[in-house]
Amino acid sequence: MADIVREMLISHDSSETRVALLENRELVELYVERPKRSVVGNVYLGKVSDVLPGMQAAFVDIGLEKNGFLYVDEVVSPEGVENLPRRDITDLVRSGQSLMVQVLKDPMGTKGARVTTEITLPGRFLVLMPFSEFIGVSRKLPEEERERLQAAVNPSVPEGMGVIVRTVAQGASERDLASDLDFLLRLWKRVRRQSDEALPPEVIYTEMDLGLRLVRDVFSEEYKRLVIDDKGTHQKVVSFLKKTSPNLARRVQLYKDRAPLFDAFDLQPSIEGALRRVVELPSGGYIAIDRTEALTAIDVNTGRYVGKKNLEDTIVRTNLEAADEVVKQLRLRDIGGIIVIDFIDMERAENRTQVLSRLQKALERDRTKTRVSEISRLGLVEMTRKNVTDGLWGVLTDQCPRCEGQGIVLSPDTRRISAMRRMREILRTGRGNAYLFGVNPETYELLTGPGQNTVATLRAETGKNVVIVPDDDTSPTDVKVVIEGQQGLGSFLRRAFEA
């Protein structure tokens, strides 16, 4: 761990901001934000639109396209109802009530944002929790440092409030901590004032933009440098660090070369690879990553790797490489939620333990919270990874309009038969005796290609005149009636070709 060289890159233009985290010049995390930015961390004065006792949840209108989802465990108990034997959503909120909430998760797919009334305001070294009396220190820090930071912070925290000391606070002086706390208390006072003056639904606090957010949350003494290709962003970051961590401001560099920043570090192949389903392993094996509505499934295969000794050794080596690569891809793609990894079956228990240990060790580098189950006899590992955004797939890709995300399209025979069936149905139920059908150009080729007598077949079956033409505005599985008429074949064909 000590010999890892970490770097951060921020590339900004009018279209998007990209932040890359590198370890030994290798891309390990990538974040992209566009004008329609993430709302995680934003605080809103919302209005409760519906309370659902059966789900122990409420929907809160916060001014977004979909209402926020507020679960009972995310509600701070109002005064007078703290000691209920069982928390019930109907005792905590009511329909039409104005409520200050903070976004925990962005809207994803058909789901609205996940919100909480437990507001947290992050600073450089501390996170202020105005409605909690908990005071804690990051467990990633050494025990001695945790004790020092706890002792430094405890006396300054106002009664009734709480704070969490962040990992980046390692080595921070009491003055640094006090300054950060003072800033957060003033910020909270401003948020409360905004809340008193706002009309729901209204945003009352907006989280920092992507570049500053990651500088605040991630950039530390562990990083050799931070390179930024935009002058305005560079000035904002330097100004922020001079106030919070002056020693780190010297590590920020403004990139001035002509070649794009990400090209100079040769990151494009890694970015393109993060969108592929299959990822190759060093030995010749591979992992395949598939997303479903409920979870992400990762399958491990030996591929072209045949090993040198015996089958079990071949499998173990592939699984060990896969454990490292899986974590790398989870971080790079920012995959969250439930994840099931299907390692290749291993006969010996000690080999399963070795693979699980390798996976857990690799996860120590992951900043995102994860939980891993034991590896099963069949090589399955179930894990969860905190899901905050839609990840790279959600930002850089759209669902395929042809297969609608299923990864399949109808076969040529299926499309041809479906189009014929639809035309046959129209001919048999329609009142006209002559029809001009428009079909997708690809479907047209399937219907009129060599060996296909579609028009003659339909005429013979229905006794009606039929003409088929390609239509660019028609989907591959649709049939459009362009002309329907009561005409003889000759006049109908003339009208059809004029159309």
Side-chain angles (χ1 to χ4, degrees), residues 1-6 21-29 139-140 142-143 269-270 273-387 391-393 407:
M1 298 285 285
D3 59 349
I4 295 176
V5 177
R6 292 183 171 87
L21 305 186
L22 311 184
E23 293 180 358
N24 296 333
R25 284 294 181 113
E26 183 180 10
L27 180 65
V28 293
E29 294 182 36
R139 293 188 176 276
K140 295 182 179 179
E143 187 63 31
S270 296
L275 301 178
R276 297 193 187 107
R277 175 178 177 266
V278 173
V279 181
E280 300 288 339
L281 298 175
S283 66
Y286 67 90
I287 62 172
I289 305 172
D290 293 289
R291 290 200 305 174
T292 71
E293 188 77 16
L295 53 83
T296 299
I298 303 178
D299 188 38
V300 182
N301 296 277
T302 55
R304 66 179 186 274
Y305 178 54
V306 295
K308 296 181 179 179
K309 294 181 180 179
N310 55 55
L311 178 60
E312 184 77 357
D313 287 342
T314 302
I315 290 172
V316 171
R317 177 173 176 180
T318 304
N319 282 339
L320 289 173
E321 290 182 354
D324 291 331
E325 189 62 40
V326 164
V327 175
K328 176 182 172 183
Q329 294 301 321
L330 294 181
R331 295 176 65 192
L332 179 56
R333 301 172 190 229
D334 197 19
I335 297 173
I338 299 172
I339 300 156
V340 177
I341 309 166
D342 184 9
F343 288 104
I344 307 168
D345 297 357
M346 292 167 285
E347 292 293 332
R348 296 163 61 181
E350 57 265 34
N351 289 336
R352 294 195 292 272
T353 301
Q354 183 183 5
V355 170
L356 183 63
S357 297
R358 182 75 159 260
L359 178 70
Q360 291 171 328
K361 185 169 181 59
L363 284 169
E364 290 176 2
R365 293 188 188 178
D366 191 1
R367 296 183 300 108
T368 303
K369 184 178 179 181
T370 57
R371 297 175 65 182
V372 182
S373 71
E374 294 296 319
I375 189 167
S376 75
R377 181 78 168 74
L378 297 177
L380 292 175
V381 172
E382 298 174 9
M383 64 174 288
T384 60
R385 188 172 185 269
K386 189 175 180 182
N387 197 349
L392 277 192
W393 276 329

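Fair warning: this is a prediction, and the values are worked out from it, not measured in the lab. Computation of the quantities below employed the complete heavy-atom set of this structure, encompassing side-chain atoms and omitting hydrogens, waters and symmetry-equivalent molecules.
- In this structure, I339 CD1 and L295 CG are separated by 9.5 Å, a value rounded to the nearest 0.5 Å.
- Minimum interatomic distance between A323 and A362 (heavy atoms only, all atoms of both residues): O-CB, 4.4 Å.
- To the nearest 0.5 Å, atom CG of residue L275 and atom CZ of residue R333 are 7.0 Å apart.
- Inter-residue side-chain proximity for R365 and I4 is flagged as met; some heavy-atom pair is nearer than 4.5 Å.
- Contact record, G379 with D345: N-OD1, 4.3 Å, taken as the closest heavy-atom pair.
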Applying side-chain contact (heavy atoms from CB on, under 4.5 Å) to D366 and L363, what does each step give before you reach the verdict? CA-CA 5 Å; D366 191 1; L363 284 169; 4.2 Å; yes
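- Across all non-hydrogen atoms, the minimal contact from M346 to V316 is SD-CG2, 4.2 Å.
- Within a 6.0 Å radius of CD in E382, other residues, nucleotides and ligands contribute 12 heavy atoms or fewer.
- In summary, the side chains of Q360 and E364 do not present any donor paired with an acceptor at a separation below 3.5 Å, with no hydrogens or angles considered.
- E26 pairs by the salt bridge (Lys or Arg N to Asp or Glu O under 4.0 Å) definition with K328, not counting sequence neighbours.
- The shortest heavy-atom contact between A294 and I338 is O-CB, 4.1 Å.
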Residues 280-291 side chain polar contacts: donor-acceptor under 3.5 Å, at least two apart:
unit_1, atom_1, unit_2, atom_2, d
S283, OG, E321, OE1, 2.8
D290, OD1, R277, NE, 2.7
D290, OD2, R277, NE, 3.4
D290, OD2, R277, NH2, 3.2

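- Note that CG of D334 and CH2 of W393 are 11.5 Å apart. Values are rounded to the nearest 0.5 Å.
- The shortest side-chain heavy-atom distance between T384 and T370 does not fall under the 4.5 Å cut-off.
- For the pair L330/I298, a side-chain contact is recorded, criterion being any heavy-atom separation below 4.5 Å from C-beta on.
- A salt bridge between D324 and K361 is absent, with no side-chain N of the basic residue lying under 4.0 Å from a carboxylate O of the acidic one.
- Counting heavy-atom neighbours within 6.0 Å of E350 CD, excluding the residue itself, gives a total above 12.
- Residues R385 and K369 fail the side-chain proximity criterion, which asks for heavy atoms closer than 4.5 Å.
- Between R371 and M383, the closest side-chain pair of non-hydrogen atoms is not below 4.5 Å.
- Closest non-hydrogen pair, F343 versus A322, comes out as CE2-CB, 4.1 Å.
- For the atom pair CG of L320 and CG of N351, the computed distance is 8.0 Å after rounding to the nearest 0.5 Å.
- In this structure, E374 has no salt bridge (Lys or Arg N to Asp or Glu O under 4.0 Å) partners at least two apart in sequence or on a different chain.
- Across every non-hydrogen atom of E29 and R367, the tightest pair is OE1-NH2, 3.0 Å.
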After noting the C-alpha distance and the side-chain angles of L27 and L332, does the key distance pass the side-chain contact (heavy atoms from CB on, under 4.5 Å) rule? CA-CA 7 Å; L27 180 65; L332 179 56; 3.6 Å; yes
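- The side-chain heavy atoms of N319 and V300, taken from C-beta on, include a pair separated by under 4.5 Å.
- When the shell of 6.0 Å around CG of L380 is examined, it contains more than 12 heavy atoms from other residues, nucleotides or ligands.
- Using a 4.5 Å heavy-atom threshold, the side chains of V340 and V381 count as separate.
- Taking the side chain as every heavy atom from C-beta outward, R6 and V28 never approach each other to under 4.5 Å.
- The only member of D299, V327, L359 that meets side chain to side chain contact (heavy atoms under 4.5 Å, CB included) when paired with I341 is L359.
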